[in-house]
Amino acid sequence: MTLSLPVHGLQRTDPHMARALELARRGLYTTTPNPRVGCVLVRDGVVVGEGWHERAGEPHAEIHALRAAGGHARGATAYVTLEPCSHQGRTPPCCEALIAAGVSRVVAAMQDPNPLVSGKGFGMLRASNVEVETGLMEAAARELNIGFVSRMTRGRPWLRLKVAASLDGKTALLNGQSQWITSPEARRDGHAWRARACAILTGIGTVKDDNPRLTVRDIETPRQPVRVVVDSRLETPVDAHVAGAGTLIAAAEGYVRPMQALQARGAEIIVLPNAAGKVELPDLMLELGRRGMNELHVEAGFKLNGSLLNEDLVDELLIYLAPSLLGDAAQGMFHLPALQSLKDRHALTITDVCQIGPDIRILARRAPV
C-alpha cells in the first residue's frame, strides 16, 4: 500500500528527462559532496549517448554521455538534470565539452544553486549559440538533490530525522528497552535512507543506552557515512562502537583527558559551545555544511530530537509506526515544551505514506514547504 503525496504541483514530463533522472539516481550513494546528475543525448529522436556522474572527482554526466555518443553528439540535444558546470574544479567545465562536441541544444531540469555555476553555464552555452531550455521536470530534479540545494543556499545539510515508534508514538519503554519496535523490513528501509546520507547523527544518550554502530549494514553500499555524536561533556566511552575513525564528536568544552583518549581511537573532536553549556546545534549544522555534507540523517533520542525541532533545524521527518501500543509511561518521540496555544504547534506537511512490511512509513516536512 502506497499513498504518495507530491510536494509540488504537476509539471510537464518528458521521457528523455525522465531517463536522465533515472540515471542520476544511480549516483544516490556515491556522488557526495557533488550533486546527482544524469544526461541523455538525443539526435533526430534517437538516443545516441547517456551517462551519469558516478563519483566525486570523476567525469560528470555530460562527459560520459558525450564519450558514448562520439561524433553523433554533433547537432544533438542534451537532456541534463542540472545546469552544466562552467568552472574548472576537479574536472574540466562540462559546458566547454558540450560546445566542442557541437551539441545544438541543452535542456536542463534546473539551474545549479552553486554560486560558482549558477546561471554562468547557461550563459556560456548561449554565448556559443547553443539553445538553452530550463525547468523541465525541475521539481523531481530538485528533490533528487535536495541536500545539495540546501548546502548551496543555506550553508547547511538537509536534516532528515528518523524515528521508529509504536502506533501511540512511543520509541522505548520506561526502562529504555527499544529493540525492536519496528520490523526487519522497516529497519532495512531505514538503512537505505542511512546510505544516501553524508552523515548520521546521534546523541550521547543513545550512545550510552544502545551503543549503536551508526553504519549501513542491511543493504550494499560503496561507502559509509560519517558518524556524528553530540556529546557536550565528552562522555563517549572509548570502547563505544562510534569511538573511532570516521566519527566526529561535537562537544561544548574540550575536556583534555577524554579528548585525548577519543582522539587516540581516531575520532575527531570539535568544540562548539552555547551559552547554556551545550553544543550549539546551528553552528554544528554550518560546520557540517562546510565539510561538504549534503544530507544529514538523525537517529537520536527524544531529547536531542526535541532540541533539533526547537532550533528549527529539522527539514524532514522519516517516521516508522509499528502496529503496537506501549502505553503512556513509555518514552515519546520528542522532548518539547508544553504549548499554551494550538497556533504554536509544529505544523507539518505529509509528503508520502506507505506500508513497509507490517509498519507504516510517513515522510513529513516542516510547513510551509
Peer 1: In chain order, what residues pass the ring-ring contact (aromatic ring centres under 6.0 Å, His included) check against His16, with sequence neighbours excluded?
Peer 2: Tyr79
Peer 1: Assess whether salt bridge (Lys or Arg N to Asp or Glu O under 4.0 Å) is satisfied between Arg194 and Asp218, documenting all intermediate values.
Peer 2: CA-CA 10 Å; Arg194 279 187 179 188; Asp218 286 354; over 6 Å; no
Peer 1: Do Glu62 and Val80 have side chains that approach each other closer than 4.5 Å (heavy atoms only, starting at C-beta)?
Peer 2: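 Yes; the side chains approach each other to less than 4.5 Å.
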Peer 1: I need the Ile249 CD1 to Ile269 CD1 distance, nearest 0.5 Å.
Peer 2: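 The CD1 atom of Ile249 sits 4.0 Å away from the CD1 atom of Ile269.
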Peer 1: Assess whether side-chain contact (heavy atoms from CB on, under 4.5 Å) is satisfied between Val163 and Phe302, documenting all intermediate values.
Peer 2: CA-CA 9 Å; Val163 181; Phe302 71 106; over 6 Å; no
Peer 1: Give me the atom names and distance for the closest heavy-atom approach of Ala101 to Leu66.
Peer 2: CB-CD2, 3.6 Å
Peer 1: For His241, is the NE2 atom crowded, meaning more than 12 foreign heavy atoms sit under 6.0 Å from it?
Peer 2: yes
Peer 1: Might you work through the salt bridge (Lys or Arg N to Asp or Glu O under 4.0 Å) test for Glu185 and Arg188, ending with a clear yes or no?
Peer 2: CA-CA 5 Å; Glu185 295 92 336; Arg188 190 175 303 112; 5.7 Å; no
Peer 1: Between Arg25 and Glu22, does any NZ, NE, NH1 or NH2 come within less than 4.0 Å of an OD or OE carboxylate oxygen?
Peer 2: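 Arg25 and Glu22: not salt-bridged.
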Peer 1: When rounded to the nearest 0.5 angstrom, what is the spacing between CG in Asp352 and CZ in Arg361?
Peer 2: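 Result: 5.5 Å between the selected atoms.
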Peer 1: Ignoring hydrogens and geometry, is there a side-chain-to-backbone donor-acceptor pair from Asn294 to Pro33 under 3.5 Å?
Peer 2: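 Yes, because the side chain of Asn294 sits within donor-acceptor range (under 3.5 Å) of the backbone of Pro33.
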Peer 1: What I want to check is whether the side chains of Asp231 and Thr236 have a donor and an acceptor closer together than 3.5 Å.
Peer 2: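 Checked: Asp231/Thr236 side chains pair up, N/O donor to acceptor below 3.5 Å.
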Peer 1: Which atom names give the shortest non-hydrogen contact between Pro113 and Met110, and what distance separates them?
Peer 2: CD-CE, 4.2 Å
Peer 1: Run the side-chain contact (heavy atoms from CB on, under 4.5 Å) check on Leu284 and Leu201 step by step: do they pass?
Peer 2: CA-CA 11 Å; Leu284 175 58; Leu201 180 144; 3.9 Å; yes
Peer 1: Can you check whether Val117 reaches Ser86 side chain to side chain, under 4.5 Å on heavy atoms?
Peer 2: yes
Peer 1: Looking only at atom types and distance, does a side-chain atom of Glu316 sit under 3.5 Å from a main-chain N or O of Leu363, one as donor and one as acceptor?
Peer 2: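 The answer is no, because no donor-acceptor pair under 3.5 Å joins these two groups.
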Peer 1: Could you check Gln111 against Ser118 for side chain to side chain donor-acceptor pair (under 3.5 Å), going step by step and ending with a plain yes or no?
Peer 2: CA-CA 6 Å; Gln111 182 170 301; Ser118 189; 2.6 Å; yes
Peer 1: Is the backbone N or O of Ala276 less than 3.5 Å from a side-chain atom of Asn274, with the two atoms forming a donor-acceptor pair by type?
Peer 2: yes
Peer 1: If you take all heavy atoms of Leu309 and His346, which pair is closest and at what distance?
Peer 2: O-CE1, 3.9 Å
Peer 1: If I take atom CZ from residue Arg105 and atom CG from residue Asn129, how far apart are they, to the nearest 0.5 angstrom?
Peer 2: 15.5 Å
Peer 1: Should Arg233 and Tyr255 count as side-chain neighbours, where that means a heavy-atom distance under 4.5 Å?
Peer 2: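 Yes, at least one pair of side-chain atoms sits under 4.5 Å.
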Peer 1: Spell out, yes or no, whether Ile362 and Leu308 are grouped together once hydrophobic residues are joined by side-chain heavy atoms under 4.5 Å, including indirect joins.
Peer 2: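 The answer is yes; both residues are in one hydrophobic cluster.
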Peer 1: Do Met259 and Val271 touch side chain to side chain, with heavy atoms closer than 4.5 Å?
Peer 2: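 Yes, their side chains come closer than 4.5 Å.
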Peer 1: Between Thr153 and Val149, is there a donor-acceptor pair closer than 3.5 Å when you use the side chain of the first and the backbone of the second?
Peer 2: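 At least one qualifying donor-acceptor pair exists.
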Peer 1: Looking at Arg43 and Arg74, would you say the former's side chain and the latter's main chain have a donor-acceptor pair under 3.5 Å?
Peer 2: yes
Peer 1: Under 4.5 Å between any side-chain heavy atoms of Cys94 and Ile63, yes or no?
Peer 2: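 A side-chain contact under 4.5 Å exists here.
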Peer 1: Just to verify, which of Lys162, Arg36, Arg151 counts as forming a salt bridge (charged side-chain N to carboxylate O under 4.0 Å, His left out) with Glu295?
Peer 2: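 Single salt bridge (charged side-chain N to carboxylate O under 4.0 Å, His left out) partner of Glu295 among Lys162, Arg36, Arg151: Arg36.
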Peer 1: For Asp344, I'd like to know if atom CG has over 12 heavy atoms of other residues, nucleotides or ligands within 6.0 Å.
Peer 2: yes
Peer 1: Test Tyr320 against Asp189 for side-chain contact (heavy atoms from CB on, under 4.5 Å), laying out the working first.
Peer 2: CA-CA 10 Å; Tyr320 297 88; Asp189 187 73; 2.5 Å; yes
Peer 1: Return the minimal non-hydrogen interatomic distance between Arg126 and Val132, and the atom names on each side.
Peer 2: NH2-CG1, 3.6 Å
Peer 1: What are the two closest heavy atoms between Leu125 and Cys95, and how far apart are they?
Peer 2: CG-SG, 4.0 Å
Peer 1: Among residues at least two apart in sequence or on other chains, which ones pass side-chain hydrogen bond (donor to acceptor under 3.5 Å, both in side chains) with Ser232?
Peer 2: none
Peer 1: For Glu143 and Arg365: C-alpha separation, side-chain torsions, deciding distance, then whether salt bridge (Lys or Arg N to Asp or Glu O under 4.0 Å) applies.
Peer 2: CA-CA 13 Å; Glu143 285 297 309; Arg365 293 185 179 172; 2.6 Å; yes
Peer 1: Answer yes or no: is there a side-chain heavy-atom contact under 4.5 Å between Arg196 and His297?
Peer 2: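 No - every pair of side-chain heavy atoms lies 4.5 Å or more apart.
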Peer 1: Just wondering, do Val228 and Met293 contact through their side chains at under 4.5 Å, heavy atoms?
Peer 2: no
Peer 1: Do Gln224 side-chain atoms and Thr215 backbone N/O form a donor-acceptor pair below 3.5 Å?
Peer 2: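 Pair absent, no side-chain N/O of Gln224 close to backbone of Thr215.
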Peer 1: In Å, rounded to the nearest 0.5 Å, how long is the span from CZ of Arg187 to CZ of Arg217?
Peer 2: 10.0 Å
Peer 1: Just wondering, do Ile356 and Ser183 contact through their side chains at under 4.5 Å, heavy atoms?
Peer 2: no
Peer 1: Out of curiosity, Cys85 SG to Leu98 CG, how far, rounded to the nearest 0.5 Å?
Peer 2: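 One gets 9.0 Å once the value is rounded to the nearest 0.5 Å.
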Peer 1: Nearest 0.5 Å, please: how far is CD in Gln331 from CG in Leu326?
Peer 2: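 It comes to 10.5 Å.
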Peer 1: Hey, mind stepping through Arg19 and Val42 against side-chain contact (heavy atoms from CB on, under 4.5 Å) and telling me if it holds?
Peer 2: CA-CA 11 Å; Arg19 174 59 178 168; Val42 180; over 6 Å; no
Peer 1: So with a 6.0 Å cut-off around NE2 of His191, is the heavy-atom count from everything else above 12?
Peer 2: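 Yes, because the 6.0 Å sphere around NE2 of His191 holds more than 12 heavy atoms from other groups.
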Peer 1: Indicate the atoms forming the closest heavy-atom contact of Pro59 with Arg67, along with that distance.
Peer 2: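 Shortest heavy-atom separation between Pro59 and Arg67 comes out as CG-NH1, 3.7 Å.
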Peer 1: Can a donor-acceptor pair be found, under 3.5 Å and without considering hydrogens, that links the side chain of Ser150 to the backbone of Arg156?
Peer 2: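 Checking the backbone N and O of Arg156 against the side chain of Ser150, a donor-acceptor pair under 3.5 Å is found.
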Peer 1: If hydrophobic residues (ILVMFWY) are linked whenever their side-chain heavy atoms come closer than 4.5 Å, directly or via other members, who joins Ile146 in its cluster?
Peer 2: Trp158
Peer 1: Taking Met17's backbone N and O only, do any of them form a donor-acceptor pair with Asp14's side chain (distance below 3.5 Å, no angle check)?
Peer 2: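 Pair found, side chain donor or acceptor close to backbone of Met17.
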